[in-house]
2 protein chains.
Amino acid sequence: MSAPESQIFIVDDDDAIRDALGWLFRSRGHAVRTWPSAEALLDSGEIAHCGCLVLDIRMDGMSGLELFDWLHEHGHTLPVIFLTGHGDVPMAVGAIKQGAFDFVEKPFNDNELVDRALAALAMHREQVSKRAALQAIEERIAQLTQREIEVMERVLAGQMNKVIASDLGVTMRTVEVHRARIFEKMGVRSAVELAQVLAGRKD
Amino acid sequence: MSAPESQIFIVDDDDAIRDALGWLFRSRGHAVRTWPSAEALLDSGEIAHCGCLVLDIRMDGMSGLELFDWLHEHGHTLPVIFLTGHGDVPMAVGAIKQGAFDFVEKPFNDNELVDRALAALAMHREQVSKRAALQAIEERIAQLTQREIEVMERVLAGQMNKVIASDLGVTMRTVEVHRARIFEKMGVRSAVELAQVLAGRKD
DNA sequence: GCGGCCATTGTGGAAATCCGCAACCGCAGG
DNA sequence: CCTGCGGTTGCGGATTTCCACAATGGCCGC
């Protein structure tokens, strides 16, 4: 609750490892929650509060890799650090290429693991704020009517009002009205600002 | 010469591997060049013609990883597929995180390696064209005078000519002239287009 | 010193954008 | 039936942008 999305989650079916990791992070002042299995974590519904997931690969039931895939498929994009005592190269390569934050073999170096986890948390905070910004834009776009979107597309294409007007088969005045509403709803004051805001995001 | 930047380069100090890989790719109709060492490749000055580098890690002299780092430091950004018979997990993870395209253990599957190499070539072509586009923009920006850049920054900030004028301590007319020149040099016809062109690139 | 590039300014007009005020129409919902 | 929303249009005026034509002054290299 103090740090809603900055908690470190640890999933490992080995009690000893779980306790050791919990102690490790807590001793350095970081909020940590531990889970004995992937299912336990998912069932808790707490996944949204996770800022960094330290995941054992070999577990009974759902494996770490399976949980990783599940999270991806369900849009939960958060940094995952895999922890394993039986990893091989192809597995590690696959995990990293699929976007895992790191892949660490046991036994691991305490300091390094903490550093990686903190780096992961920092990256997650970055992502969260960026996503928030992007979503704010999407919400504004969602407020636009269909007609306004048509006009906006053409404005962004650099077309003049008169062109847009004849293009859509309406008068210039109508385009002007739409244009004004677009600027208002999108929270900008000119076509240039609009272009800036909409830049840096793939449609 | 037929495909200047689409050649596959193979670097391995094992003659047998080199020949086998050369044969493998050529038998499938892909241009390949092989080198017995990292130094041989660098000395040849042919690196710019490479579209995909298949690199053995353990070699006499400069290792595959060292060559990889060297290329990075010298701005040669091209997809590298590491090939190794003695790789460990940390090495693989490190290589991938540093941007290696893939990390394959020997013995490898012929079809998979060819597929990966082709994917790497495709990615490289993408990168090359994108880089070319970005450089074209940079060259246009380079043509702008200092004053024009100052004006452009303000235009992109959505400021009106009158504001820019008082801001820079000149008359509106002067700003208009600069503005026109900017559009001309940048090859656009409006401020919106300018914003579009300059979007999607970090300053 | 001359020519070229750059920054600057003016005049004056055409074209485009921006806006408040007002209104009509069609359609969905209460 | 009345209301609200979205799309549409008109009028008229203030602002802003865009441009052609014309010109001055500074700096730099030949």
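Note on naming: letters A, B, ... go to the chains in the order of the sequence lines (proteins, then strands), and numbering restarts at 1 for each one.
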Q | Stepwise side chain to side chain contact (heavy atoms under 4.5 Å, CB included) test for B:Glu193 and B:Phe183 | A | CA-CA 9 Å; B:Glu193 278 185 47; B:Phe183 290 167; over 6 Å; no
Q: Examine D:dT9: is either OP1 or OP2 under 4.0 Å from a nitrogen or oxygen in the side chain of A:Thr174? Give yes or no.
A: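 So the side chain of A:Thr174 is within the cut-off, an N or O lying under 4.0 Å from OP1 or OP2 of D:dT9.
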Q: Output yes when at least one side-chain N/O atom of A:His178 is less than 4.0 Å from OP1 or OP2 of D:dT8, else no.
A: yes
Report the distance from atom [atom1] of [X] to atom [atom2] of [N], rounded to the nearest whole Å.
| X | N | atom1 | atom2 | answer |
| --- | --- | --- | --- | --- |
| B:Arg181 | D:dC18 | CZ | C1' | 14 Å |
| B:Gln146 | D:dC27 | CD | P | 17 Å |
| B:Glu193 | D:dC18 | CD | P | 12 Å |
| B:Glu176 | D:dT15 | CD | P | 16 Å |

Is the shortest side-chain N to carboxylate O distance from [X] to [Y] below 4.0 Å?
| X | Y | value |
| --- | --- | --- |
| B:Glu176 | B:Arg173 | yes |
| B:Arg18 | B:Asp56 | no |
| A:Asp12 | A:Lys106 | yes |

Q.
Could you tell me if the side chain of B:Glu105 sits less than 4.5 Å from the side chain of A:Asp88, heavy atoms only?
A. no
Q. Is it the case that A:Asn111 and A:Arg28 place a side-chain donor and acceptor less than 3.5 Å from each other?
A. yes
Q. Regarding B:Gln135 and B:Glu139, is there a side-chain donor-to-acceptor distance under 3.5 Å anywhere?
A.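 Judged by distance alone, the side chains do pair up.
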Q. Looking across every strand, which nucleic acid part, if any, lies under 4.0 Å from B:Thr145 by heavy atom: base, sugar-phosphate, or nothing?
A. sugar-phosphate
Q: Using a heavy-atom cut-off of under 4.0 Å over every strand shown, decide if B:Arg147 touches base, sugar-phosphate, or nothing.
A: sugar-phosphate
Q) When you match B:Glu148 and A:Phe183 each to their closest nucleotide on DNA chain C, which lands nearer the 5' end? A)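 Mapping each residue to its closest nucleotide by heavy atoms, the 5'-most match is B:Glu148.
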Q: State which residue, out of B:Phe103, B:Phe101, B:Phe82, fulfils the ring-ring contact (aromatic ring centres under 6.0 Å, His included) condition with B:Phe68.
A: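 So the option named by the test is B:Phe82.
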Q) So how far off straight is the helix from C:dG1-D:dC30 to C:dG30-D:dC1, going by the axes through five pairs at either end, to 10°? A) 40°
Q: Evaluate the criterion side chain to side chain contact (heavy atoms under 4.5 Å, CB included) for residue pair A:Leu53 and A:Leu41; output intermediate values, then yes/no.
A: CA-CA 11 Å; A:Leu53 187 56; A:Leu41 169 58; 3.9 Å; yes
Q) What are the 5'-most and 3'-most nucleotides of DNA chain C lying under 4.0 Å from any heavy atom of chain B? A)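 Endpoints of the contacted stretch of DNA chain C: C:dC6 to C:dT11.
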Q: Check A:Ile8, A:Thr34, A:Val32, A:Leu113 against A:Leu21 for a side-chain contact (heavy atoms from CB on, under 4.5 Å) and give me the one that passes.
A: A:Leu113
(Q) For A:Arg33, is the CZ atom crowded, meaning more than 12 foreign heavy atoms sit under 6.0 Å from it? (A) yes
Q.
Expected output is a numbered-order residue list: members of residues 149-172 of chain A with a heavy atom under 4.0 Å from any atom of DNA chain D. What is it?
A.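 The answer is A:Val170, A:Thr171.
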